[in-house]
Every structure is written in C-alpha cells, then in structure tokens.
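Accompanying notes for the structure given below.
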Amino acid sequence: MTRSIQKPRGTQDMIGEQAARFDHVVETFNRVRKLYGFGRVEVPVFEATAVFSRSLGETTDVVSKEMYCFEDRGGDPLTLRPEFTAGIARAYIENGWQQHAPVKVAAWGPLFRYERPQKGRFRQFHQLDAEVLGAGEPAADVEVIALAQQLLAELGVADRVVLQLNTLGDAETRSAWRAALVAHFSKHLDVLSAESRERLEKNPLRILDSKAESDKALVADAPRIDAYMTAEAGAFFESVQRGLEASSVAFVRAESLVRGFDYYRHTAFEFVTDALGAQGTVIGGGRYDGLIGSMGGPETPAVGWAGGIERLAMLVAEPVLPQVSVAVIAMGGAAEPVALRLLAGLRRVGIAAEQGWRGNLKKKMERAGKSGARLAVIIGEDEVAGGTVTVRDLGSGEQVPLMFDAAVTAIAASLAGGGLQG
RNA sequence: GCGAUCGUAGCUCAAUUGGUUAGAGCGCCGGUUUGUGGUACCGGAGGUUGCGGGUUCAAUCCCCGUCGAUCGCCCCA
C-alpha cells in the first residue's frame, strides 16, 4: 500500500459515526448556549503572533514550543490560534466591545497546538467556547458554569463527569499563596521530583497537580489557599458556590486545581472524567480578570470556558446517523424527470429524500433498504405511462400505487403515521 | 523533547519454532431473480505484508534504520 500523501501528524479525517458524534456535540452546544443568551462570535483562525505570545508570556514553553507560527509573504509573524480567549480579547479591545458589556459570546472551531498526539489530544483539534467579557459579578461565573453543566447533561454525559471547583483568589491572595508554596516546596528539594524542581522555578502552582508519587505527600501538606484569602476574595468564592447550589449544579472543591498564568483570578473549574485516559478534562475554564488589561486594553473582568469537541464526542452515546425518510427509485430515462419533480416536492415540504443513482432495480432497492428510509418510491415505465408512482413500505413490504399529483401529500400523511393509502 | 507497543486486502484481523501459491469476515462488483431491498446460496475483483537495508538456502516472522499509528511522560493556554 503506497501512501504518497498523508494527513499531517495529529490531524484527523472524519466520516460516518465519528463525524455524526462531532456534529451532535456542536449542534447541542449551539442550542443550549442560546438558552443562556450567548450570541455567536467569529474571530480569525490566525492572529498576529503577539496576540498569543503577549497574553501567555514570551518565554513559556507553550509559546516557544507549542504554537504553529509562520511568516506571511509580507514577513508579518502570524500564529494559528492555540486557544479562543486571546483572539476574542483582542477583538474586544480592538473593536471597543466594552460599549456592549457585558458581552456574552460563544464560538466553536479548530485550534492548533504542536503537541505529540495521544488519546484525546491532536495538533488540530476543536473546541467549544463560551465567554462573558466585562462582567465582574460572581453571577457571571455561575452562569457560564451552569451553561457547561446543562450542555453535558443534554449530551447525556453528565453522570460520567465531575465538576471540580477552586478559587485562585484575587491578585493579592494569589501572590501570597504562591510565595507560601515556594517556601514550602523549597524546604523539601531532596524529596521533590525532578520535574517539580523545574516547576518550582517556572510554575510553582503546577506542582500541586504533579503525577509523581514522591510528590504526593508534600502536596498534601502544602499550604492551602484558604489561609491566604482576602475577605473580598473569600466572599466572591462563597457567592459563586451559593449560586451554583441555587442553580442545582453539583461540584466538588479541588484545592489543587490551578492555572499557570497570572491573569487568572478567582474561579477556576474543570469538568473531568476518568473515561479518557490521561486527558481527563472535558471542559475547563475560569475567571481571567487580568488578561485584557495585560494585553493593553482597559482593565476588564471576564470569565469563560472551553471544551474539547473530540473528547466530548468520544463520551457521547452513539448518535443516529442522518437518514432520509424516502428513497426514490427511477427506472428508465422517462422516469428521471418525474423522479426529480417528486424529490423537489418532498424536500420542499420538509421530507428528507434521496435518489439512488446507480444499478438495476434490485441494486437500488438494496441501497434504499440500507439508507434507513421508511418508504421507497418506485417510478418505472408503467408508472410513467399511468401517471402514478409505486410506494413501498420498507418495513412491512406493503406496496400501493398513488397518483403522481397526490403523492407528496399521501407520503407526508403516511410518514406522519397514517399508514399506506392508495 | 523522552519512553513503550504496533504497522498484512477498502475496513477488522489470521498465517505452526523462519518454509514453498499470504487466508477469513465485513464491504464492493456480478449471478441465482429482463421491475422489488432487509435473510440465503454461488462466483469475482482487490496485496511489492508501510518503506529501505541486513542476516539466511529461504523473511509477514529475526536485526538495523526510517516513516506512520497508538498509549504514557513532559506540557497543558
């Protein structure tokens, strides 16, 4: 087998069931987010590299190793978006969307990260995204989380997913806690894993979710953020929790759930499952009050989340593949235009119908059977001559002739449950 | 970037300690049935065993390299 052209590593081609699952996740998201008043936002798939590098920090691994960066013909540095938030924040600043604040928006589409692919992890992957920009109220946190929760419920995966909730406090809380963590782990360098010693320099909060067995005890003894919480930050977190309870959204406190970047404040949350190997997070989000200001915009509180479409699609029960209701079978040249007229008439009244193009009658019947259609309409020379069509119930095998002019109405009635009537 | 496992028909997989013509199911095409599917029977097409090199009388099988896939580590915006 010669493979002269192959898809790039970490990309995927989808058809059939896999594509139907993907589609189902997106359709459900679009329906549910409207229930919460989230409009659609469209932002570019690529941005000036600075949009991402500035928000993430020039020196971090994610910028230096994980982004798809390139120069266009004019030499401008561009990057395929690795996330939605930075691009939406850029659009908010550039277009002055603060005039609409609070802005509740949703998006979905492809994202790109240069990573080693594994289960639930790809170089081109797809996410759902929901953001509230310009709202500092804890009620905004509650609303985005409730949206995520309802999405998972309607996808039928809520019972396999747990909402983990934490707070990173305000800026003051966060830096005090961070200093305490550094002090704590610095005292135990000898037991700390090599990876975590690295993290102590670059990203000390991340030690808290170290997978190294040797770090577990140290993490358990680590200082808790609650001891460093300012009164304001504590009240905010309380308010979010009370709001979730009132919204009937179940959660567990996850004290080691953290975010690496400084612009994250207050609420952090993840919906996690144990059904997807090493990639357990299905939806992740939080409050990023520091981001828009750090990108040069006005200080703007914001909160949102993103969810992996592929990961959700893997959890969803097998969705039904799209099926037509009626299969039209034309035999002979004279039947062709009659079949096309019938198809147009059926589709115009909202009945899904298609025509088998190839083979003899037997072959076309075979395909009609496999298509999932409930009715087959046969149009051969006899029917054309008599101005009729033959309708066959593919379930019962019952078959009746219909006058062509009455066919659409009769078929509609039959599909609605009226049975076959000549 | 690191590690482990795996690459055989369109798909899912077989093939005795290395042995002569690489098989099966599904799918596809045709027939049993000049206009009747879902079941059945018969037949057919489809392979440089990922690619390159090595060992051997002989390699799908052993060795090296390479490409790809999968799972994990790192990272996780």
Side-chain angles (χ1 to χ4, degrees), chain A residues 1-12 15-17 51-57 60-67 79 81-89 111-122 125 127 129 193-196 198-199 202-203 205-206 209-213 257-264 268 270 276-281 284-286 288 291 304-306 308 311 327 329-332 335 356 358-384 390-399:
Chain A
M1 187 175 10
T2 305
R3 299 196 188 278
S4 51
I5 47 173
Q6 303 175 313
K7 64 184 179 300
R9 167 174 284 177
T11 63
Q12 19 177 14
I15 194 175
E17 188 198 323
V51 169
F52 305 113
S53 62
R54 203 178 295 163
S55 69
L56 297 172
T60 58
D61 275 13
V62 297
V63 170
S64 57
K65 303 203 311 218
E66 311 262 345
M67 299 203 313
T79 294
R81 64 182 179 199
E83 58 159 340
F84 276 108
T85 310
I88 293 172
L111 265 34
F112 305 85
R113 297 180 188 176
Y114 193 87
E115 302 193 271
R116 207 49 193 276
Q118 51 187 278
K119 189 181 185 72
R121 179 179 254 198
F122 305 93
F125 60 106
Q127 284 189 340
D129 188 87
S193 68
E195 290 82 14
S196 289
E198 279 282 311
R199 286 189 272 245
K202 294 197 286 193
N203 203 348
L205 298 197
R206 279 277 159 204
D209 50 25
S210 168
K211 288 175 184 170
E213 213 44 56
L257 175 59
V258 293
R259 294 277 113 99
F261 297 107
D262 285 341
Y263 54 76
Y264 284 104
E270 290 185 359
L276 292 178
Q279 276 65 240
T281 300
Y288 49 96
L291 175 63
W305 54 256
R311 293 183 190 179
I329 295 169
M331 297 304 297
R358 187 173 304 168
N360 54 21
L361 180 59
K362 175 187 162 69
K363 207 72 222 174
K364 287 177 174 172
M365 283 299 294
E366 203 173 307
R367 287 192 183 281
K370 286 178 185 167
S371 75
R374 286 165 56 194
L375 300 176
V377 180
I378 299 157
I379 305 169
E381 286 172 16
D382 297 348
E383 286 83 356
V384 172
T390 297
V391 178
R392 181 182 179 87
D393 185 312
L394 289 169
S396 66
E398 191 186 351
Q399 191 164 303

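In what follows, every chain begins at residue 1, and chains take the letters A, B, ... in the order their sequences are listed. Keep in mind it's a predicted model, so treat the numbers as computed, not measured.
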If I take atom CD in residue A:E398 and atom C1' in nucleotide B:U36, what distance separates them, rounded to the nearest angstrom? 15 Å
Consider the side chain of A:R392, meaning its heavy atoms from C-beta on, and name the nucleotide among B:C75, B:G37, B:A77 that approaches it most closely. B:G37
Comparing A:R9 with A:P82, nearest RNA chain B nucleotide closer to 5' gives the residue A:R9
In whole Å, measure the gap between the P atoms of B:G38 and B:G27 for me. 11 Å
Atom-to-atom span, OH of A:Y288 to C1' of B:A77 - whole angstrom: 12 Å
With P as the reference atom in both, quote the distance from B:U60 to B:C2 in angstrom, rounded to an integer. 32 Å
Both A:T85 and A:R121 contact RNA chain B. Taking the nearest nucleotide for each, which residue is further toward the 5' end? A:R121
Measuring only the P atom in each nucleotide, how far is B:G1 from B:G18? A whole number of Å is fine. 36 Å
Could you state the CD-P distance from A:Q12 to B:A69, rounded to the nearest angstrom? 12 Å
Same-atom distance (C1') from B:G52 to B:G7, integer angstrom: 15 Å
Closest nucleotide among B:C28, B:C73, B:G37 to the A:K370 side chain: B:C28
Regarding the side chain of A:D382, the nearest nucleotide among B:A77, B:U36, B:G35 is B:G35
Please give the distance between the P atoms of B:U21 and B:A4 as a whole number of Å. 37 Å
Give me the distance, rounded to whole Å, that separates B:C6 from B:C63 when you measure between the P atoms they each carry. 11 Å
Does any donor-acceptor pair link the side chain of A:Q399 with the base of B:U36 at a separation under 3.5 Å? yes
In whole angstrom, give the distance that lies between atom CD1 of A:I329 and atom C1' of B:G37. 8 Å
Are A:M365 and A:R392 close enough, and set up right, to give a side-chain contact (heavy atoms from CB on, under 4.5 Å), and what steps lead you there? CA-CA 10 Å; A:M365 283 299 294; A:R392 181 182 179 87; 3.6 Å; yes
Indicate, with a heavy-atom threshold strictly under 4.0 Å, whether A:E198 touches base, sugar-phosphate, or nothing. nothing
Is A:Q118 near enough to B:G72 that one of its side-chain N or O atoms lies under 4.0 angstrom from OP1 or OP2? yes
For the side chain of A:R199, starting at C-beta, report the closest nucleotide among B:C75, B:C73, B:G37. B:C75
Side chain of A:I378 only, please: which of B:A77, B:C67, B:G35 is the nearest? B:G35
For the side chain of A:K363, counting heavy atoms from C-beta on, which of B:G30, B:C75, B:G3 is nearest? B:G30
Less than 4.0 Å between a side-chain N and a carboxylate O, is that true for A:R9 and A:E115? no
A:K364 side chain to A:A330 backbone, donor-acceptor under 3.5 Å: yes
For B:C29, take OP1 and OP2 only and decide whether either is under 4.0 Å from a side-chain N or O of A:R367. yes
Between B:U34 atom P and A:K362 atom NZ, what is the distance in whole Å? 10 Å
Donor-acceptor pair present, A:Q279 side chain and B:G72 base, under 3.5 Å: no
If I take atom NZ in residue A:K65 and atom P in nucleotide B:G1, what distance separates them, rounded to the nearest angstrom? 9 Å
Using the side-chain heavy atoms of A:N360, tell me which of these nucleotides is nearest: B:G31, B:A77, B:C73. B:G31
Same-atom distance (C1') from B:G44 to B:U5, integer angstrom: 38 Å
Checking the side chain of A:S193 only, and the main-chain atoms of A:S196 only, is there a donor and an acceptor separated by less than 3.5 Å? yes
When you get a sec, tell me which of B:C29, B:C67, B:C73 is the closest nucleotide to the side chain of A:K211? B:C73
Salt bridge (Lys or Arg N to Asp or Glu O under 4.0 Å) between A:E270 and A:R259, worked out: CA-CA 11 Å; A:E270 290 185 359; A:R259 294 277 113 99; 2.4 Å; yes
Can you tell me how far P in B:C51 sits from the matching atom in B:A22, rounded to whole Å? 16 Å
Compare the minimum distances between each of B:A77, B:U36, B:C73 and the side chain of A:Y264, then state the nucleotide with the smallest one. B:A77
Tell me the interatomic distance from A:E115, atom CD, to B:C74, atom C1', rounded to whole angstroms. 10 Å
